[in-house]
Amino acid sequence: MAITNVDVFQVEWPDKGGQGTDGRSAWLRIRDDSGHEGLGEATPMLGGLASATIIRHHFAKMLIDADPLDAAVLQERMFHHAVKIGPDGALAGALAAIDIALWDLKGKILNRPVYKLLGGAWRTTLPHYASIGGIRPRSVDEVLRLVEKRLEHQPALIKIRADAYRTERDADLAGDLAKAKAVRKLVGDEFPLAFDANNSYSVGASIRMGRELEQLGYRWFEEPVQHYHVQAMGEVARRLDIAVSAGEQTYTLQGLADLIAAGVRIIQPDIVKMGGFTGLLQAQALAHAHGCDVIPHMTQPSIGNTANLHFVASQLHGWAPCELDDPSDRQLRLFTKIPRRTNGLYHLDDSPGLGLELDDHALAPLRREIPA
Ligand code: CA
């Protein structure tokens, strides 16, 4: 069994109105000599071009003729080959895409869904949570309208964000608190909520806001301070009762270990950013050893989301719903087969691999080549 073809490319998305374009994703197809194909996806940051370029120029040739079942060995080999341009960021995203594609391929070869290869599923019906907000100022009313719109999709939890850019700090604490209170009032006392500060608070403001969120019954408080201030993140976590989560910008197991040692009790690695299935399995073991939860980060609604569903299905304590950032169907139209949401729930079946089938005809006009 040998890999014969590594095809990495970008996909350019039409905007939600269908008139212009809005961002790119970096996708990967790996084929073997038995005719099977695995699909992967890299971090979408800056269109995923940096990760895709690393794969095209450096890793593709390391994969040709390799055994597709050697995913973990191949990942370590490629990681150490290129470690000086990492270990974080674009390098990690490239490795993640390859690992996801190799697990998909392994599932196709063995004719089993990925969740079976991960050790089995605790659940194959998975609720989602609506991830709302962004990096521009919004009024309380605007946030409430967004929440109302997302409630139509029947999420099991809603996460709102502080609407500040990460170069700002404590920009509108009163406004953020007003939004947290208004959303709680809108959805009622029992509906699960989470709050994401998008790294925009000081330690003091984080603690004050965290105490308010505790009173409002929010489930977790995400990334209150800058992600690179690991000790400060841990200080906030230790001083609050509400669970502080972090790790969506942590791309190594060692980085996650540092967050846990600092006091963070929910880690949020992202399967398209950190090691794919191989990386998230290691993260899960690390978290389990320390009594921490894993609530994976995920913004990509097709390949990345499907990989995340298989991972969460296999988690012992996967109590949190799966993140859904983009509820539009613009990516889903490129697949003839993909797990879809019905009544807010994703259903995984027993299709081999990730259970995805790309529609080449629909993909062709959106495909963008990686420069040689
Ligand atoms: Ca976040």
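Counting starts at 1 for both ligands and their atoms, in listed order. Side chains are part of it too, since the values below use all heavy atoms of this structure and drop only hydrogens, waters and symmetry mates.
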**Request:** Please step through salt bridge (charged side-chain N to carboxylate O under 4.0 Å, His left out) for the pair E37 and K108, ending with a clear verdict.
**Result:** CA-CA 7 Å; E37 176 183 273; K108 305 265 181 58; 5.9 Å; no
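For E222, the N, O or S atom with the smallest separation from the Ca ion (ligand 1) is OE2. D196 has its closest N, O or S atom to the Ca ion (ligand 1) at the position named OD2. Looking at E248, its N, O or S atom nearest to the Ca ion (ligand 1) turns out to be OE1.
Without hydrogens or angle criteria, D104 side chain to L354 main chain gives a donor-acceptor distance under 3.5 Å.
G344 approaches H128 most closely through the heavy-atom pair O-ND1, 2.9 Å.
When each of R238, R239, Q231 is tested with E235 by the rule side chain to side chain donor-acceptor pair (under 3.5 Å), just one qualifies, namely R239.
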